[in-house]
Amino acid sequence: MNEPKNSLGDSGPGTVDFKRYILRMIGIILAPRRSFTRLNVNPDYWFPILFVVIAFIGLRLIMLPEVYEHYSSAEFHDWYMEVRGISDEAARKDISQMISSAPFMIFLEAPFTVLAGTAGIALLLLMIGRFGYKRKMPFKSVFSMVAWASIISGFPMLLNIPLKLVNHQWFLPTNLSLILTPELVGGYFNRFISIVDIFLIWQVWLLSVGLSVIYEVSIQRTVSAVGTMFVFLGVLNALFTGS
């Protein structure tokens, strides 16, 4: 007698059950506390990492014409020549190599950026849990939670792809920088508010829920901790971007 398949659609050992991962992604969006509770029992992270990497690569490939235009501009050429302290011919040769290697660099940059970012946030949250909540948890559990919460960051990338295909200057208006121009609020503050959008706020909320589940503390405490951490990271990012 054949064994019935389970409700998640498992097709047998050694197979990848994409249906289970899609259902988990939907669960993270619609019922995050329940989903993070189940994830805490059996942590995994490859699917959300892969999802964000693919979205990252897709958007960056669509934006290649903008990259080529920027690298080919006289302003970038003069800046590069001045910063490197090289001749005009050497600068042209370097920039030509940068343009030709740009697609290949995207495929190297995407997984490194996503993995490093996820691991960095997980490490900070692990320290918050260890010293703030006085509990020691496995890094894998926190990393898995961060990976699934960060799946939200892939959505604006995917939504921007069709906009960029129509017009490379278009972008998804999800932050206040669309209204508050640099002339109105200043360059530094504009860089800061351009980072803070509805998807980042959503991600902060999911991280707060996940941290609350893992460390069994109130959501008020985790929202305060995660929100403060992201404000600090946003300030640093705006500062270094400007410099």
Side-chain angles (χ1 to χ4, degrees), residues 16 18 21-22 25 43-73 75-86 89-126 139-140 142-165 167-172 174-175 191 194-195 197 199-200 203 207 229-230 233-234 236-243:
V16 178
F18 283 103
Y21 290 116
I22 296 299
M25 182 169 66
D44 64 73
Y45 46 80
W46 75 265
F47 180 83
I49 294 291
L50 181 62
F51 177 84
V52 178
V53 167
I54 291 175
F56 188 105
I57 291 174
L59 180 60
R60 292 299 295 271
L61 289 176
I62 294 297
M63 294 175 63
L64 274 178
E66 297 177 57
V67 175
Y68 295 153
E69 182 178 348
H70 174 65
Y71 285 167
S72 302
S73 66
E75 292 80 6
F76 181 79
H77 175 273
D78 294 341
W79 172 85
Y80 185 83
M81 187 170 57
E82 180 181 353
V83 169
R84 294 292 305 276
I86 57 179
E89 183 179 353
R92 291 183 186 279
K93 183 178 180 181
D94 286 356
I95 293 174
S96 178
Q97 291 177 346
M98 291 167 62
I99 292 175
S100 61
S101 62
F104 176 71
M105 293 303 298
I106 289 174
F107 285 93
L108 290 180
E109 177 190 7
F112 174 79
T113 301
V114 174
L115 283 171
T118 305
I121 296 299
L123 183 60
L124 290 175
L125 294 181
L126 193 72
F139 178 77
K140 181 179 180 181
V142 181
F143 183 84
S144 176
M145 182 273 291
V146 173
W148 279 98
S150 300
I151 205 168
I152 299 302
S153 64
F155 294 160
M157 299 181 196
L158 293 176
L159 292 173
N160 269 303
I161 288 176
L163 295 178
K164 293 292 184 181
L165 287 173
N167 188 324
H168 72 275
Q169 294 183 340
W170 289 0
F171 63 93
L172 196 65
T174 58
N175 59 69
R191 289 192 298 271
S194 67
I195 302 169
D197 63 14
F199 289 99
L200 180 62
Q203 185 177 345
L207 287 170
M229 181 186 72
F230 270 86
L233 293 177
L236 288 180
N237 184 80
L239 181 64
F240 285 110
T241 301
S243 61

How long is the straight-line distance from [atom2] of [Y] back to [atom1] of [X], given to the nearest 0.5 Å?
{"X": "S150", "Y": "F51", "atom1": "OG", "atom2": "CZ", "answer": "12.0 Å"}
{"X": "I152", "Y": "F199", "atom1": "CD1", "atom2": "CZ", "answer": "8.0 Å"}
{"X": "M81", "Y": "I95", "atom1": "CE", "atom2": "CD1", "answer": "9.0 Å"}

Can you name the closest pair of heavy atoms from [X] and [Y] and give their distance?
{"X": "K140", "Y": "P43", "answer": "CE-O, 3.8 Å"}
{"X": "Y45", "Y": "S144", "answer": "CB-CA, 4.1 Å"}
{"X": "I57", "Y": "A110", "answer": "CG1-CB, 3.4 Å"}
{"X": "P103", "Y": "L64", "answer": "CG-CD1, 3.9 Å"}
{"X": "L125", "Y": "L207", "answer": "CD1-CD2, 4.1 Å"}
{"X": "Q203", "Y": "A149", "answer": "CG-O, 3.7 Å"}

Could you check whether any side-chain heavy atom of [X] comes within less than 4.5 Å of a side-chain heavy atom of [Y], counting everything from C-beta outward?
{"X": "Y80", "Y": "R92", "answer": "no"}
{"X": "I54", "Y": "L158", "answer": "no"}
{"X": "L123", "Y": "F143", "answer": "no"}
{"X": "H70", "Y": "E75", "answer": "no"}
{"X": "L61", "Y": "F107", "answer": "yes"}
{"X": "M157", "Y": "I161", "answer": "no"}
{"X": "F56", "Y": "E109", "answer": "yes"}

Output yes when a side-chain donor or acceptor of [X] lies under 3.5 Å from a complementary backbone atom of [Y], and no otherwise.
{"X": "T118", "Y": "A147", "value": "no"}
{"X": "W148", "Y": "F47", "value": "no"}
{"X": "S72", "Y": "E69", "value": "no"}

Can you say whether the rings of Y71 and F76 are parallel (under 30°), tilted (30 to 60°) or perpendicular (over 60°)?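 Rings of Y71 and F76: tilted, 30 to 60°.
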
Original post:
What's the verdict on side-chain contact (heavy atoms from CB on, under 4.5 Å) for I49 and I151, showing C-alpha distance, side-chain angles and the deciding distance?
Top reply: CA-CA 7 Å; I49 294 291; I151 205 168; over 6 Å; no

| message | Quick check on E82: does its CD atom have over 12 non-hydrogen neighbours (other residues, nucleotides or ligands) under 6.0 Å away? | response |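 Not more than 12 within 6.0 Å, no.
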
Verdict with reasoning, I121 to M229, per side-chain contact (heavy atoms from CB on, under 4.5 Å) | CA-CA 9 Å; I121 296 299; M229 181 186 72; 4.1 Å; yes

